[in-house]
Each structure stands twice: as structure tokens, then as C-alpha cells.
Amino acid sequence: MAKTIRILGVHGLGDQRLKDWEGDWARAVESVFPDPSILKFDFVNYDDIFAEQDIGVGDTLEAAAKLLGSKFGSILRPRRGFLDQASHRLRWTAGYVVAWTASKPFQQKSRKRVLDTIRTVKPDVVLAHSLGSLVTYNAFSHPDAMADPELAKALARVNYVTLGSQIGNDFVVGNLTNGRVMRLPVKHWHHLYNPFDKVFTEPLVVQSADNFDQIITSFDEADDHDAVKYLTHSATINNLWGPLGRDAANAKVYGSKGFDAALKAVKPKAKKGGTRRALLVGINEYADPSQNLEGCVNDVFAMSATLQQCGFDPGEIRVCLNERATAEGILSRLGWLLDDAAEEDERVFYYSGHGARVPEYGGNGEPDFQTEVLVPHDFDWTPEHWVADQQLRTLYSQLPDNCRFAMILDCCHSGGMHRDGGARPRGITPPDDIRHRALKWNIDAEMWVPRDFKPLNAEFAPESQARLAEQFYGRDRATYRIGRSGTTRLLSSRDYQALKKENPEMARGAYLPLIIEACGEDQFSYEYRHGATSYGAFTFCLTAILRDQVKVGKVPTFESLVDLVSARLKGLRFDQTPAILGPSQYLGAPVPFMKGGG
């Protein structure tokens, strides 16, 4: 006899109180089951809690800006009649997400409602759409979920399904998860992701979680956020409903080849740690020939030789040079570098080329922050053709803590002009129209001066740790710096300390790579001509010192290596001081992480 599958639905954004969303969901799931009689449905509605929140038009626009980030200025520039048309919709979408994320009482009430229902219903499946995924994630990851043994037992049998979810959105992941998505105490977590869904959704990575998988449910239709379309998608049927139905009912009914394949697809693959990979990028030739450099390709070969001398196998190293090093080319290879990185794995990303700092528009339509970028071959000062932390964060921020990832950047972000006969800096100055974003006119002095940007997180660190705040957000405290996951480090120091006491696991935050930069934030990284051959001054010194150290059996730590490079650059009269930032346990680790250099 078939077992009953008990399904609990938790709705998403929009006022659902006058809609038959419960019936729509039930009919959708029943339509894909050969024997729908084995299904039993329960539902959680929390719109009554949100209705108590006081959110005006200005609040909803600010909410949309937070969720869209820098994209807000181009996507939601208000046109005539915009506020009247969009106010209600934004309140129940962006306003709903931000209000819930910002309100502890709202979270507490919705969390209690979900957990009380789980305890009573004991569902086999929890379907959580859109904001419902935030509400349920908050409930399942909270200490309250484990405090009650009966509730913990009920959660352990749940197949958790998130669809149209904003959990991976920068603003949400920073406030809800402190930058790191946790493994949940459920039987399995299936994340349905539609790349065409425009309601602030993002893909998810949950590292070191053998009970998580992401199912791509692509549909590009008028309503690309529709829960019914997610639930009845062929990928959902094959990878979710098929295996569940097979377990619950007669194998002959659900035993098709498609369902057999689906069952294998959701079985997590064992990850073996201890692997090594390195990606080395060097760009001499740019789409704009005036920006060309000379030593970056030589740097890549010098770095490859050095890594091999430190123990890397040639097959573990990939290079990307010149016209192949487009934004898409670099990001796709970074996917190879970091995909499936497990504990004890070693990963190295090396970049030699131009860097830049770009003033960007925020939610108010005005320039209000800056972004550090790496400058690919096809760079044109647009987000589609640069590599910034916003793109990198999705690749590295969820790495397991014991994965050792180093970023070594021989570039600068200060800009600068080349002087014939002098050392060339590896940074480019914005064109005048973009440079204007960062300037304002001083009426009294009758001069252009830097615009004042508000700090991105004014309370990130106490004044006694001002240097720490600069390392993450720059001297202006308004710059998203590469490798820092600044878009998800949103808690104040006070809130962070409170979170450490309440939920130490969640307080871990986003993964922080070991970052070695060729110069200080406002310095230049210079090229150096070794006889007739050009290199980056920083890379030339770093590789030469490291190879010499390894030859004599003295493997330096990362910190001591940077000190040695700094001293040599100073002795050669280069006005650049390399910088290092990273987890304390890796700053003092031997290069490249393992004793004896591998």
C-alpha cells in the first residue's frame, strides 16, 4: 500500500489572502502524480503579520534599491506615473522582503508560526516559494529548531524545497545568513532555480552539504516567478516528484527510466579533498591599444614556474592570456577553479594586468559608492565587461572554511598616466564622463574635489579597528573591494557580536580568501624591465624570492614572503608596498599552504 506524502506549502511575495494559492499549488502537484490520492496538503499563511507593517512609497523604493543594488539606477529609474503604478506592487514585493529582513519581531512571529506547524503536521515535504523560503530558512537554521527534540526529529524527515528564492540575493544573504548559507538539519534540500526569474532571485551554493542540490528549472515566460510553473516543470518532476513518488508508492508506477535517472541525480556525490588548482591570468593586449602593458604574460609564466617548483603539477595549472582573457573568459575559468572546492583543497587565482576603481550609481540615482574591478581584455567601463567582487563573490563566498584559496593580484586600482621613460603603473584612469561621477565643484575654492560618499557599513568595526574597516571597504569606507564579500558583510559590529552569542554557526559569515595585493589601495603597481624583458615589479620580486627560498629548503609563510617582497621593492626604489589580508590561520601558513611547499 502506498504511503501518504504530506506536503506543507509556504507562500511567497504578494498579498495572498484573496487568492486561492493553496488550491493552485495542490492541483499543480496532483497533476504530476499518477496517484494523487496519496497526497495530503497543509499550508502556512503569514500575510496578516506583514499587513501590520507600516511601509510608505519612499520605503518601498529604498527596499527595491537594496535588493537590486547598483542595478537599481538603470532598471527602475522613475518615469511619469511610476510611483502610482508601482507603489502597491513594490510594497508587497521588495518592501515585503526588506521589512521582514529588517524586523526581528516579524521574523520571530513568522518563525514561530512555521515551527509550530512543522511540529503539529510533521510534513514529508515543505514547499517554500519566494519570501516563504526566507521565512522557512530562518526557522530551520535558528537554534529554536533544535531546542525541541520532537521538532528536531520532525525536521530531520523533511524534504525541503525552495523555489523562486531570494536567499542568495546580496542584501538578503548579508542580513539573513550573515554572508554564508548554512547546511540545514533536514533530510534533503532541493533548490529550484530559474535563471529568468527577475524577482531578486539568485542561484545557491551550500558548501559541504551532502543533503543539498540545485535543480535548474528554466522558463522564460510572462510570469517567470510563478510557483505553479516551478512545481510542474519537467526538471522538478524528474528530480523531485519522481523519486518521492517512487519511495511512497508501487515501484511499477513510478519506476520509469526517467525516475530511475532522477533518483541517481539527487544522490549527492562524495567530494574528495586535497586537490590543487591554479588559474593564472595575464593581459598585455587590450581592446584599447593605449592601455597595453608589456610584462603580464611573462608574469604568468614566472608564476607557473614558481608554483611548479612549490609542488603544483603542470596539469593543475591553467592560464588565460590577452584576447582570451575577456570578462566571460576569466569568469568561466574561475568557475573551473572553484567549482566543487572541498575542505583541504588548495586554489590559487593569480591576475596580472590593469585594475580600476569605478564610481557607481546607487538607489537614489546618484553615484554613492565605488567598485574595484579587474580589467579584462574587452573592458569598456560597463559591468558586463569587468570583473568585480559582485561576480566573484558567488564563486568563493560559500567555500568551506578549510578550503585554502589565495588571490594574488598584480594590479592597482588608483588609475594613473603613463610617462614615457618611467615605470608604467598597472591601473587606468576613468574617462572624463565616468570620472565626473566621483567629483563635485567646490564653489569657494572654484576647484573640482572628490565627492563625499557615505560609508557602506559605518558600524562594520569600532573606531579602535579603523584599519580593519579600511581593509574591507577602502579608505573612503565606500568601496567594494575585491575578495572581501563587501555586499554581504552588512552587520554592524554590535549586531555581529550578538549573533555570535545567539547562533555561532551563522556568525561564521562569508568565506574570506587569502588576498595578496601588489600595492596599497592608493598606490601604483609598476612594471619593471629586467634587461630587455618586462615583468611586474611585484611579481618579479615575489617569484624570485620564493624560488630562492624553496631551493634552500626555507619555505616562508605568506606573511614573511610579503615582508621580503616589500623590502626588495623598497630597496629597488619602487614606491609600492604589497598588502596581505586573510584568515589568521593562513597568514602564517607555509607557501603554498603546505609544509615543504608541497
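Everything numeric in this text was worked out from a predicted model, so none of it was measured.
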Next item on the list: Output the distance between atom CD1 (Ile515) and atom CZ (Phe558), rounded to the nearest 0.5 Å.
Entry: 12.5 Å
Next item on the list: Report the residue from Asp124, Leu8, Val126 that forms a side-chain contact (heavy atoms from CB on, under 4.5 Å) with Val158.
Entry: Val126
Next item on the list: Compute the centroid of each ring, for Phe106 and then for Tyr46, and state whether the two points are separated by less than 6.0 Å.
Entry: no
Next item on the list: Show your working on salt bridge (Lys or Arg N to Asp or Glu O under 4.0 Å) between Asp368 and Lys454 and close with a plain yes or no.
Entry: CA-CA 7 Å; Asp368 60 5; Lys454 292 182 179 180; over 6 Å; no
Note to self: Taking the basic N atoms (NZ, or NE/NH1/NH2) and the acidic carboxylate oxygens, is any pair closer than 4.0 Å for Arg27 and Asp20?
What the structure shows: yes
Check: Is the side chain of Trp241 donor-acceptor paired with the backbone N or O of Leu231 at a distance under 3.5 Å, no angle test?
Finding: yes
Check: Is there side-chain contact between Thr488 and Arg393, with heavy atoms separated by less than 4.5 Å?
Finding: yes
Margin query: Closer than 3.5 angstrom, by distance alone: can the side chain of Ser492 be matched with the main-chain N or O of Asp495 as a donor-acceptor pair?
Written below: yes
Item checked: Contact summary for Gln390 and Thr487, nearest pair of heavy atoms -> CG-CG2, 4.0 Å
Next item on the list: Without swapping roles, check the side chain of Thr479 against the backbone of Arg481 for a donor-acceptor pair under 3.5 Å.
Entry: no
Next item on the list: Taking all non-hydrogen atoms of both residues into account, name the closest pair between Ser141 and Leu184 and its distance.
Entry: CB-CD2, 3.7 Å
Margin query: A side-chain contact here means heavy atoms from C-beta on lying under 4.5 Å apart; do Pro195 and Ile216 qualify?
Written below: yes
Check: Hey, are the side chains of Trp189 and Asp213 touching, using non-hydrogen atoms and a 4.5 Å cut-off?
Finding: no
Next item on the list: Return the set of residues passing side chain to side chain contact (heavy atoms under 4.5 Å, CB included) with Lys40 (not counting sequence neighbours), or none when no residue passes.
Entry: Thr4, Arg6
Notebook entry, point to check: If you take all heavy atoms of Lys187 and Asn159, which pair is closest and at what distance?
Noted result: CD-ND2, 4.1 Å
Checklist line | Ring centres under 6.0 angstrom apart (His190, Phe212) | finding: no
Notebook entry, point to check: Can you tell if the side chain of Thr201 reaches within under 4.5 Å of the side chain of His225, non-hydrogen atoms only?
Noted result: yes
Next item on the list: Mind checking the OG1-CG spacing from Thr162 to Leu204? Nearest 0.5 Å is all I need.
Entry: 6.0 Å
Check: Knowing that exactly one of Asp401, Asn503, Thr177 qualifies, which makes a side chain to side chain donor-acceptor pair (under 3.5 Å) with Arg508?
Finding: Asp401
Item checked: salt bridge (Lys or Arg N to Asp or Glu O under 4.0 Å) evaluation trace for Glu505 with Arg183 -> CA-CA 10 Å; Glu505 177 67 15; Arg183 184 186 191 278; over 6 Å; no
Margin query: Any side-chain to backbone donor/acceptor pair from Ser397 onto Thr394? Under 3.5 Å, distance only.
Written below: no
Note to self: For Glu459 and Ser493: C-alpha separation, side-chain torsions, deciding distance, then whether side chain to side chain donor-acceptor pair (under 3.5 Å) applies.
What the structure shows: CA-CA 6 Å; Glu459 299 180 344; Ser493 57; over 6 Å; no
Margin query: Before you tell me yes or no, could you show the steps for Asp197 and Tyr230 under side chain to side chain donor-acceptor pair (under 3.5 Å), namely the whole-Å CA-CA distance, both residues' side-chain angles and the distance that decides it to 0.1 Å?
Written below: CA-CA 10 Å; Asp197 190 335; Tyr230 273 103; 2.7 Å; yes
Check: Given Pro123, which of Asp42, Thr117, Ile118, Ile7 fulfils the side-chain contact (heavy atoms from CB on, under 4.5 Å) condition?
Finding: Ile118
Next item on the list: Look at the aromatic rings of Trp25 and Trp21 and report parallel, tilted or perpendicular, splitting at 30° and 60°.
Entry: perpendicular
Notebook entry, point to check: Hey, are the side chains of Lys19 and His11 touching, using non-hydrogen atoms and a 4.5 Å cut-off?
Noted result: no
Note to self: Tell me whether His129 contacts the main-chain N or O of Val10 through its side chain, where contact means a donor paired with an acceptor under 3.5 Å.
What the structure shows: no
Item checked: Between CE on residue Met182 and CG on residue Leu176, distance to nearest 0.5 Å -> 10.5 Å
Item checked: Asn169 side-chain N/O to Gln166 backbone N/O, donor-acceptor pair under 3.5 Å -> no
Next item on the list: For a side chain to side chain donor-acceptor pair (under 3.5 Å) with His142, tell me which candidate from Gln108, Gln107, Glu502 qualifies.
Entry: Glu502
Check: Side chain of Arg477, backbone of Leu456: donor and acceptor closer than 3.5 Å?
Finding: no
Item checked: Separation between CZ of Arg404 and CD of Gln585, rounded to the nearest 0.5 Å -> 10.0 Å
Next item on the list: Assess whether ring-ring contact (aromatic ring centres under 6.0 Å, His included) is satisfied between Phe349 and Phe405, documenting all intermediate values.
Entry: CA-CA 8 Å; Phe349 172 54; Phe405 173 40; 7.4 Å; no
Notebook entry, point to check: If we only count heavy atoms from C-beta on, is the Glu344 to Cys403 side-chain gap below 4.5 Å?
Noted result: no
Note to self: Could you check, using the six-membered ring where one of them is a Trp, whether Tyr480 and Phe369 have ring centers closer than 6.0 angstrom?
What the structure shows: yes
Note to self: Set out, in order, the CA-CA distance, both residues' side-chain angles and the distance that settles side chain to side chain donor-acceptor pair (under 3.5 Å) for Ser133 and Ser165, then state yes or no.
What the structure shows: CA-CA 6 Å; Ser133 68; Ser165 173; 2.7 Å; yes
Note to self: Let me confirm one number: the CG-CG distance from Asp116 to Leu151, rounded to the nearest 0.5 Å.
What the structure shows: 8.5 Å
Next item on the list: Please assess Arg277 against Glu316 for the test salt bridge (Lys or Arg N to Asp or Glu O under 4.0 Å), listing each intermediate value before the final yes or no.
Entry: CA-CA 5 Å; Arg277 290 180 188 172; Glu316 297 170 330; over 6 Å; no
Next item on the list: Locate the shortest heavy-atom distance separating Ser110 from Ile49; write the atom from each residue and the value.
Entry: N-CD1, 3.9 Å
Notebook entry, point to check: What is the ring orientation for Phe472 with Phe460, classed by angle as parallel under 30°, tilted 30 to 60°, or perpendicular over 60°?
Noted result: tilted
Item checked: Stepwise side-chain contact (heavy atoms from CB on, under 4.5 Å) check, Lys3 with Ile38 -> CA-CA 7 Å; Lys3 297 185 297 183; Ile38 68 172; over 6 Å; no
Check: When you measure from the side chain of Asn194 to the backbone N and O of Asp224, does any donor-acceptor pair fall under 3.5 Å?
Finding: yes
Item checked: Between CG on residue Asp48 and NZ on residue Lys109, distance to nearest 0.5 Å -> 9.0 Å
Check: Is there a donor-acceptor pair closer than 3.5 Å between any side-chain N or O of Asp389 and the backbone N or O of Ser485?
Finding: yes
Next item on the list: Answer whether the closest heavy-atom distance between the side chains of Leu39 and Val29 falls below 4.5 Å.
Entry: yes
Next item on the list: Write down the atom of Phe219, the atom of His233, and the distance for their closest heavy-atom approach.
Entry: CD2-CD2, 3.9 Å
Notebook entry, point to check: Do the side chain of Gln398 and the main chain of Val181 share a donor and acceptor less than 3.5 angstrom apart?
Noted result: yes
Checklist line | Side chain proximity check, Met407 to Leu514, heavy atoms < 4.5 angstrom | finding: no
Notebook entry, point to check: Is any side-chain N of the basic residue among Glu470 and Arg467 closer than 4.0 Å to the acidic one's carboxylate O?
Noted result: yes
Margin query: Checking Arg489 against Tyr473 for the side-chain contact (heavy atoms from CB on, under 4.5 Å) test, could you report, in this order, the C-alpha distance in whole Å, the side-chain angles of both residues, the deciding distance, and whether it holds?
Written below: CA-CA 10 Å; Arg489 297 186 187 278; Tyr473 293 106; 3.4 Å; yes
Checklist line | Over all atoms of both residues, closest heavy-atom pair of Leu581 and Leu587 | finding: C-CD2, 4.1 Å
